[in-house]
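All remarks here apply to the structure that follows.
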Amino acid sequence: MPEGHIAERVAREHKRYFGRQRLRIDSPQGKFEHGAGLLDGACLVNVTAIGKHTLHRFRRDENAPAARDLWMHVHLGLYGKWASGDLPAPALRGMVRVRLLGEQHWAELRGPTTCEVLNGAGLKRLTERLGEDPLHTKLSGAAAYAKIANSGRPIGELLMDQAVVSGVGNVYRAEVLFRHGIAPHRPGNRIAAEEWTALWMDLETLMRSGVRLGRIITTAAADRDSRSRTVHPADQYYVYRRHGLPCRVCGTPVSVELAAGRRLYYCAVCQPA
DNA sequence: GCAAAATGTCAAG
DNA sequence: TTGACCTTTTGCA
């Protein structure tokens, strides 16, 4: 399920399955009928991810200017999901917002919060409102830190703000703060530059591993077993959804509280105020 | 058979 | 801060 690592994983898979192909695109459920009509039969030029967003770039004619390219913009939200496989495509089941058919593969999208067609201007508007993505290796996290260091808002909230850092969700937020012993309540302007550098580098490491594994594993279990196949779900996280269970490091029961409508998990001892 | 939950976002009050 | 929205899966009657 969907934080930035899933968006990146989908982008890579779809590029491999469908890149440079003219795709059949439809919306069996009907909610994307108009968009599918715009894109059906066009060539998929590229697929990229920014934060939790994926962007399928289409060009209708080989000779058409790139300025007329269109993007299918998808945000999975809380429970959106892509499925895919080798042709033939399975019989339709349930609510399929978008179906892609390529030369050898199919893909189906269910339950996204956003699925729309953007032109170049729309894409620009989207990217301008997103903060740095730790999966984009050229980025240093400096722009994100400039926002954090100037804010009195808690770091736990800043990490979830897609205009500050894009791609981090509730799991990575909780886990990375635990790994660095930082209380989620600490104001951004009290995060030292060295602390931020370490957090940013760790986010990159954790999210890269998430892209590779298809799931988030932040505990030492992942270091011991880099393939992660044998890492039991109960050993995936330090604090996420472990409230009431003993902290893996100090044994104190893990805390949970509601912050900005989301459950926030942390260890009050390992992440002191 | 039905309610609740799930790694998210936006807009209304 | 709350509710609405997108859909499937899980758990309990």
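These figures come from a predicted structure and were not determined experimentally. Labels below follow one simple rule: chain letters A, B, ... track the order of the sequence lines, proteins then strands, and each chain is numbered from 1. These numbers come from the heavy atoms of this one structure, side chains and all, not from hydrogens, waters or symmetry mates.
As judged by a 4.0 angstrom heavy-atom cut-off over every strand, A:R173 is placed among residues making no nucleic acid contact.
Taking atom P in both C:dT9 and B:dT9, the straight-line distance is 22 Å, to the nearest Å.
Map A:V171 and A:R129 each onto its nearest nucleotide of DNA chain B; the residue landing nearer the 5' end is A:V171.
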For a quick test of your reading: what N or O donor-acceptor pairs under 3.5 Å do the side chains of residues 93-102 of chain A make, sequence neighbours left out?
residue: A:R97; atom: NE; partner: A:Q29; partner atom: OE1; Å: 2.8
residue: A:R99; atom: NE; partner: A:D26; partner atom: OD1; Å: 3.2
residue: A:R99; atom: NH2; partner: A:D26; partner atom: OD2; Å: 2.8

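One can place CG of A:L258 at 11 Å from P of B:dA6, the figure rounded to the nearest angstrom. In this structure, the NZ atom of A:K81 is 13 Å from the C1' atom of B:dA5, given to the nearest Å. The interatomic distance linking A:L76 (CG) with B:dC10 (P) rounds to 14 Å, in whole Å. In this structure, A:W82 places its CH2 atom 17 Å from C1' of C:dT8, rounding to the nearest Å. Rounded to an integer number of Å, the gap from CD of A:Q162 to C1' of B:dG8 is 9 Å. Regarding A:R262, its CZ atom lies at a distance of 6 Å from the P atom of B:dT7, rounded to whole Å.
Remark: A:R263 is in phosphate contact with B:dA6, judged by side-chain N or O atoms under 4.0 Å from OP1 or OP2. For the OP1/OP2 pair of B:dG8 and a distance below 4.0 Å, the side-chain nitrogens and oxygens of A:H75 include no atom meeting the criterion. At B:dT9, one or more side-chain N or O atoms of A:K52 fall inside 4.0 Å of OP1 or OP2 (strictly under the cut-off).
Of all non-hydrogen atoms in A:E175 and A:V239, the two that sit nearest each other are OE2-N, 2.9 Å. Here the closest heavy-atom approach between residue A:P187 and residue A:G152 is recorded as CB-O, 3.6 Å.
You'll find that the side chain of A:M95 is closest to C:dT8, out of B:dA6, C:dT8, B:dG8. Out of B:dA6, C:dT8, B:dG8, the shortest distance to the side chain of A:R110 is found at C:dT8.
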